[in-house]
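No hydrogens, no waters, no symmetry mates; every other heavy atom, side chains included, goes into these values.
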Amino acid sequence: MTGRQIRPRLAVWKFASCDGCQLSLLDCEDEILGLAEAVEIAYFPEATRAEISGHYDISLVEGSITTAHDAVRIHEVRRRSTKLIVIGACATSGGIQALRNFADVTEYARIVYARPDYIETLSTSTPIADHVRVDFELRGCPINKRQLVETLGAFIAGRRPATPAHSVCVECKLKGVTCVMVARGAPCLGPVTHAGCGALCPSYNRGCYGCFGPKETPNAPALSARLSELGMDQRALARLYSTFNANADAFRQESERHDQQDGQG
Amino acid sequence: MTSKTVKVDVLARVEGEGGLKVTIRDGLVRSAELNIFEPPRFFEAFLRGRNFNETPDIVARICGICPVAYQMSAVHALENIFGVSLSPQLRALRRLLYCGEWIESHVLHIYMLHAPDFLGYAGGVEMARDHGDLVRQGLQLKKVGNEILTLLGGREIHPINVRVGGFYRTPLKKELLTLKESLKWARDAALATVRWTGTLEFPDRERDYTFVALRHEEEYPFNEGRIVSNRGLDISAGDYDKYFEEIHVPQSTALHSRFRDSGAAYLVGPLARYSLNFDRLSALAQEAALAAGLDRICRNPYCSIIVRAVETLYAVDEALRVIETYEEPKSSFVPVEPREGEGYAATEAPRGLLYHRYRLESDGAIAEAQIVPPTSQNQASIEEDLVEFIGGFLDLSDEALRYRCEQTVRNYDPCISCATHFLRLDIDRG
Amino acid sequence: GLTDEQTPGGYRLVEATDQSYFGFSVGPHVWKKYLHPPQIELWRARREDGDLTIEASRPDNETYAFIGVRACELAAISKQDRVLTGGEYVDPHYKTRRENTLLVAVNCGKAGGCCFCASMGTGPEVREPFDLALTELSLGEEHLFIVETGSPVGRELLLQIVSRPATAQEIEMAQSIVERTAQTMGRAMPPDVDVPKLLADNLLHPRWQAVAERCLSCANCTMVCPTCFCTTVDDISDLAGESFARERRWDSCFTMDFSYLHGGGVRNSVASRYRQWMTHKLSTWIEQFGSSGCVGCGRCITWCPVGIDITQEVQAIAVAQTG
Amino acid sequence: MSTQPSTIASPSGTPADVPKLCYVRNRRHDAPDAWTLEIEFDDRNPFHYTPGQFNMLTAFGVGEAAISISGPPGRGRLIHTIRDVGPVSHALTRLAPDDPIGVRGPFGVGWPMAIAEGQDVVIVAGGLGLAPLRPAIYDILSRREKFGDVRLLYGARRPEDILYLSEIEEWRKKSDININITVDHAGMDWPGHVGVVTRLLSCVRMEASRTIAMLCGPEVMMRFVAASLIEKGLGVGRIFLSMERNMKCAIGHCGHCQLGPTFICRDGPVFTFERMGPLMSVKEL
Ligand SMILES: Cc1cc2nc3c(=O)[nH]c(=O)nc-3n(C[C@H](O)[C@H](O)[C@H](O)COP(=O)(O)OP(=O)(O)OC[C@H]3O[C@@H](n4cnc5c(N)ncnc54)[C@H](O)[C@@H]3O)c2cc1C
Ligand code: SF4
Ligand code: SF4
Ligand code: SF4
């Protein structure tokens with residue numbers, strides 16, 4: 001706790017993504033200038049041309065690995081970073097573009113592009129941790145900006161970021177939101193979803209759709225059993241788990257289970 | 001003949017990744033190619049088979065900078081299939097949500113991305129060291145846009161409150177009124193922004209663009225209106241495909257749009273919107289625009305920074321109007337029955353026309369989706385700008401020339417992730 | 001008016017057939033959110049000119065009147081009193097809020113589908129200290145409240161409103177209403193079972209694993225429970241490293257962090273976390289604080305997204321035990 | 001047999017959940033990953049504690065951790081030995097002289113010093129477990145005549161991990177205390193024992209009916225040691241051990257440190273094996 005002599009150097013990197021997570025940094029209108037004093041923003045192409053090469057103390061990495069080039073580039077980023085923090089569903093689980101992992105990517109290219117032969121892409125979208133060692137994962141599609149500030153603050157101060165891995169349900173209760181699943185029968189992924197958003201969807205009268213990915217020790221089969229009592233069919237269940245964190249283990253397995261059951265019956 | 005290639009790894013201050021290749025032969029710019037390296041994410045492909053209800057949440061993820069635009073085009077296109085129309089209050093709330101996104105997106109571009117080019121800084125944070133108050137004003141103004149998005153949408157990025165037929169939860173009047181004070185401040189700040197941008201120095205570069213934008217009977221366009229141009233085009237969204245086409249060029253993961261018949265480039269976005277709809281701006285916005293030195297039509301892409309400021313002022317003004325006249329609707333949405341069919345919609349994203357088309361199966365599953373974002377529509381224009389504008393600067397050093405090119409591209413506020421990141425800038429001097 | 005229908009994992013508001021004010025049972029909210037708030041800052045420290053100062057958060061001086069506190073909730077408040085103010089250390093925030101709270105209790109005229117207070121000995125008639133206790137009577141056209149005072153403040157208050165002494169018949173009617181409620185309880189803790197001992201003797205019962213297959217470990221049960229008191233803290237600082245604070249928030253024995261020790265958690269399996277919750281409520285609480293930690297309000301049953309029923313879980317172990 | 005009640009002195013008048021601001025005055029590197037801090041405590045409010053009690057130490061902006069008091073009483077100084085295992089302990093071990101530190105305490109029930117009077121005492125420490133036992137040793141040595149045979153069995157990972165080595169040498173030389181040290185791994189130059197601490201125990205002869213054992217170390221170690229003590233005829237009520245559980249408030253309000261019906265912070269951390277044995281044997285309790 002002796003005053004900070006040297007400002008840590010921060011870099012922000014982008015892989016396959018929508019840019020929303022790094023935009024969260026610019027959305028911290030009240031904190032961004034303070035942050036720029038606390039750290040040296042050494043590489044952040046979305047915000048500045050300035051580029052200081054060399055080594056970075058903290059790298060924020062957004063996006064998933066979908067091209068051969070990126071699969072090489074991420075190793076370079078790792079080499080140049082002391083702490084590597086991955087931000088957002090793309091970087092932590094592969095993002096929505098990981099839906100390709102369950103389909104034929106050449107077929108996908110044909111649907112979207114007139115000249116699929118121009119498209120160079122891998123057949124999978126994979127999280128950063130599948131390629132290099134990751135020091136911290138910040139969840140969400142997009143990440144929550146309060147959690148982003150907390151994570152940066154925590155890394156600067158040397159503490160563990162307060163980004164609990166429990167369910168969204170806990171946030172509902174802390175906030176005083178009446179459960180939409182119990183009180184209205186609305187299908188909700190909150191009980192298996194990682195907290196962080198502040199129980200956003202339930203506070204807007206809708207069930208959580210899982211954009212923060214699986215919580216610690218998720219029990220998706222038990223939730224699915226309840227959701228089918230509430231009227232969801234196999235196909236709907238297969239889709240429910242197959243969105244922005246489709247490639248996260250617990251969600252992928254549960255989605256595939258219902259996909260197969262749908263195929264059988 | 002000497003041959004020289006200059007490479008830039010990343011074109012900064014654009015959202016997304018791409019590169020640029022400029023070929024110079026005998027002192028003339030032969031070609032400029034905007035290469036989009038944004039890894040493909042295949043949204044149109046995996047939308048197939050999803051339920052229509054999931055669309056607003058999924059398409060938002062195409063772009064973190066303008067998710068509301070994607071949500072709006074999607075819900076309007078789907079409602080076009082179902083034949084529902086929204087109550088005036090729900091319709092007004094959608095305008096309000098869009099105001100939030102315009103403010104947030106435009107102000108980000110004006111202060112943090114574009115102004116540094118005029119004032120000679122690497123970025124907004126660097127600019128803040130010398131122009132602290134200015135940048136703080138920008139951040140504060142941007143925050144007001146985000147406050148609208150947060151209140152109405154749940155969060156700034158990928159709002160969770162938009163559904164086909166309306167909203168999951170509509171705000172109480174008193175909740176909306178909490179925005180009023182900051183919006184009033186924002187109106188002054190936006191006005192100051194228009195004045196200040198008017199004092200910047202602009203290169204004297206104009207081009208005779210074909211402007212394409214929505215035009216509505218009464219309003220400055222957000223969600224509704226016919227697609228019009230300054231060359232006589234006047235069509236409904238359903239006819240978009242008849243008049244425009246997308247082509248796929250090598251080296252790029254984004255598609256280029258052009259007129260189907262002539263193959264000509266066209267321009268969408270603030271310049272087009274403004275030039276085609278000046279008369280629909282609020283009186284305050286019109287006055288401010290003229291006072292800042294704009295004409296009713298603006299053909300200088302560098303001046304887009306003023307136009308964005310004018311549109312920001314309009315959006316603030318409009319947001320205040322919506323809030324003041326808001327009455328809580330009985331229901332937060334209009335129920336819809338899935339049916340087979342095809343629907344179309346174009347709305348005005350901050351960066352320009354955003355076209356969506358969906359074909360649905362009878363159970364509400366998506367059979368086909370087509371999405372044409374503004375940046376791919378503008379791509380041809382950006383290349384033409386480069387060919388025309390940088391001709392006079394060929395004597396500059398590669399570094400200076402590269403900076404010029406970047407600026408020209410940044411005029412468009414290209415939201416590359418929806419189309420595209422500039423990974424490389426090649427200047428090939430042959 | 002409206003009333004509620006409660007089932008395991010289900011809560012619906014429906015049109016009521018009568019016009020009573022309190023014709024529903026315990027709802028989604030818990031009074032503990034006022035007395036033992038979900039989130040609170042404990043202290044803040046600032047560094048100025050190199051010198052650090054710590055400032056304790058001052059307890060909130062707000063005064064509260066809780067209107068319509070049910071017998072089970074009153075019992076729950078007593079239990080939290082014991083935990084947070086009855087030992088060597090007193091939680092200043094709880095204590096101050098508690099002292100500034102007026103309790104207007106209500107004898108339940110309707111038992112909820114998940115209620116089992118009668119079998120826990122905590123209701124439906126109020127038993128713990130209150131300021132005023134009401135029983136609602138609907139006699140055809142006439143709609144009245146039988147009021148019982150429980151404190152000087154309560155007596156004072158009663159003097160300020162129009163009232164008349166209740167007749168013996170009215171008092172009898174009030175009693176019969178509560179009796180009827182007791183008889184229509186939605187469920188019951190299995191009778192004739194020494195529950196604390198049953199659980200203490202069955203820490204390795206296979207039922208824990210069985211319930212873990214259904215349990216989401218989402219922590220809803222602990223959050224809605226009016227007696228659950230667990231909290232955790234987060235230390236925070238500003239980016240400049242000049243201001244620090246400690247925030248306290250509700251925690252739950254269902255989270256992994258709850259039992260974390262360097263090198264790995266203690267209760268990693270969901271079975272062990274469910275067991276901790278249930279044995280604490282129904283068994284170890286007695287040794288810790290002299291009474292059961294469960295008041296039979298049924299909230300954990302209603303608000304469990306998958307409808308796990310604590311009374312049934314006890315029953316299942318009891319049955320296996322005896323036969 | 002019950003444990004002796006603690007003397008609780010809440011530092012100054014602040015609420016028990018708010019740390020008192022103190023300053024680090026000295027920091028010593030004791031082992032590769034362990035440091036000892038000397039913390040100055042306001043002399044006007046003498047800090048009373050019994051051996052085996054602990055404090056909650058705050059590294060501002062990082063967090064709080066339960067740390068046993070490991071120094072001798074008095075002198076307005078608190079001594080704590082801390083192993084760097086995670087963010088909070090890391091930050092604490094980085095504090096330099098004159099850095100502020102937050103202190104809450106002392107908390108809990110300590111070693112049964114009164115009960116041990118007139119008895120032989122076997123102290124078994126594993127790793128950092130010596131830290132909370134050191135005040136007990138000081139207490140015994142300060143009135144050595146009150147106790148029978150006193151023996152310290154100490155196991156560390158490697159020779160360099162041995163805490164307070166010079167002090168131990170001093171005790172060995174000047175005091176009437178039997179000391180045996182063993183390490184798990186050592187090079188050829190290590191003259192002492194290699195192996196687990198229970199091995200040392202097997203060579204010790206003790207009079208079970210007048211011996212009190214005090215144990216602190218990793219839970220598995222304590223279970224094995226307790227088992228061999230029982231084998232030697234020691235009653236479960238004569239074996240005392242110091243327990244660890246996740247701890248946030250240390251005043252019995254946060255619920256984290258429960259082990260069965262006990263709160264480690266309030267009813268412990270020192271318990272008899274009679275109390276702990278059955279609880280420790282249930283997995284994940
Ligand atoms: C009564 C008692 C006395 C202790 N005495 C000492 C001592 O003298 N010296 C020493 O170095 N350590 C001691 N510890 C252990 C010390 O408290 C933990 O090592 C420390 O909390 C770890 O925190 P961390 O942030 O560094 O590590 P992490 O492993 O990252 O801990 C994260 C969180 O988990 C909890 N936690 C983790 N490990 C423990 C643990 N072993 N005990 C309690 N909570 C834990 C804490 O709440 C901590 O904030 C004692 C623990 C207890 C319960
Ligand atoms: S995680 Fe979601 S918000 Fe973040 S970059 Fe990916 S798609 Fe965008
Ligand atoms: S609404 Fe969803 S997240 Fe909230 S408590 Fe209910 S199930 Fe959990
Ligand atoms: S409630 Fe669920 S889907 Fe909604 S924002 Fe939170 S984590 Fe995402």
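Expressed to the nearest 0.5 Å, how far CG of D:Asp17 lies from CZ of C:Arg246 amounts to 9.0 Å. Interatomic distance, NE2 of C:His262 versus CD of D:Glu244, reported as 10.0 Å (0.5 Å rounding).
Atom CZ of C:Phe66 has more than 12 neighbouring heavy atoms from other residues, nucleotides or ligands inside a 6.0 Å radius. The 12-atom threshold is exceeded at OH of D:Tyr23, counting heavy atoms of other residues, nucleotides or ligands nearer than 6.0 Å. Enclosure of atom CD in C:Glu55 is not indicated, since only 12 or fewer non-hydrogen atoms of other residues, nucleotides or ligands lie within 6.0 angstrom. Counting non-hydrogen atoms of neighbouring residues, nucleotides and ligands closer than 6.0 angstrom, the NZ atom of C:Lys95 reaches no more than 12 such neighbours.
Heavy-atom distances place both the backbone and the side chain of C:Asp91 under 4.5 Å from chain D. For C:Arg273, no part lies under 4.5 angstrom from a heavy atom of chain D. Interface residue C:Thr232: backbone and side-chain heavy atoms are both found under 4.5 Å from chain D. The contact between C:Leu42 and chain D is made by backbone and side chain atoms together, counting heavy-atom distances below 4.5 Å. Only the side chain of C:His93 comes within less than 4.5 Å of a heavy atom in chain D; its backbone stays farther off. For C:Gln276, the part lying under 4.5 angstrom from a heavy atom of chain D is the side chain only.
Of the residues considered (C:Ser259, C:Ser269, C:Gly87, C:Pro92), C:Ser269 shows the highest number of contacts with chain D, using heavy-atom pairs under 4.5 Å. Chosen from D:Val62, D:Leu285, D:Thr262, the residue pairing most often with chain C at heavy-atom distances under 4.5 Å is D:Leu285. Across C:Ser57, C:Ala45, C:Cys230, the residue that shares the most heavy-atom pairs under 4.5 angstrom with chain D is C:Cys230. Looking only at heavy-atom pairs under 4.5 Å with chain C, the residue among D:Val85, D:Val88, D:Leu21 that has the most is D:Val85. In terms of non-hydrogen atom pairs under 4.5 Å with chain C, the most contact-rich of D:Arg266, D:Arg245, D:Gln258 is D:Gln258. Options C:Leu203, C:Thr284, C:Asp234 differ in how many heavy-atom pairs under 4.5 Å they form with chain D, and the most are formed by C:Thr284.
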Working note: C:Leu204 + D:Val282, criterion side chain to side chain contact (heavy atoms under 4.5 Å, CB included); need CA distance, chi angles, decisive distance, verdict.
CA-CA 8 Å; C:Leu204 302 174; D:Val282 182; 4.1 Å; yes
Determine, step by step, whether D:His253 and C:Leu84 satisfy the side chain to side chain contact (heavy atoms under 4.5 Å, CB included) criterion, reporting the C-alpha distance in whole Å, the side-chain angles of both residues, the deciding distance to 0.1 Å, and the verdict.
CA-CA 6 Å; D:His253 290 174; C:Leu84 297 171; 3.9 Å; yes
Test side chain to side chain contact (heavy atoms under 4.5 Å, CB included) on C:Thr231 and D:Lys248; report intermediate values, then the result.
CA-CA 8 Å; C:Thr231 53; D:Lys248 294 293 173 195; over 6 Å; no
Please assess D:Val18 against C:Ile54 for the test side chain to side chain contact (heavy atoms under 4.5 Å, CB included), listing each intermediate value before the final yes or no.
CA-CA 8 Å; D:Val18 180; C:Ile54 306 178; 3.9 Å; yes
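Under the side-chain contact (heavy atoms from CB on, under 4.5 Å) criterion, C:Asn268 pairs with C:Met256, D:Glu284, sequence neighbours left out. Taking C:Tyr274 as the reference, C:Trp277 meet the ring pair (Phe, Tyr, Trp, His ring centres under 6.0 Å) condition, with sequence neighbours excluded.
Of all residues spanning residues 206-222 of chain C, none has a heavy atom less than 4.5 Å away from chain D's heavy atoms.
Considering every non-hydrogen atom in both D:Lys283 and C:Arg275, the closest pair reads O-NH2, 2.8 Å. Scanning both residues, D:Ala16 and C:Tyr89, for their nearest heavy atoms gives CB-CD2, 3.4 Å.
Inter-residue side-chain proximity for D:Cys254 and C:Val233 is flagged as unmet; no heavy-atom pair is nearer than 4.5 Å.
Screening residues 278-297 of chain C for salt bridge (charged side-chain N to carboxylate O under 4.0 Å, His left out), with sequence neighbours left out, gives C:Glu287-D:Arg275.
In this pair, C:Phe244 and D:Phe60 present their aromatic rings tilted. The plane angle is within the 30 to 60° band.
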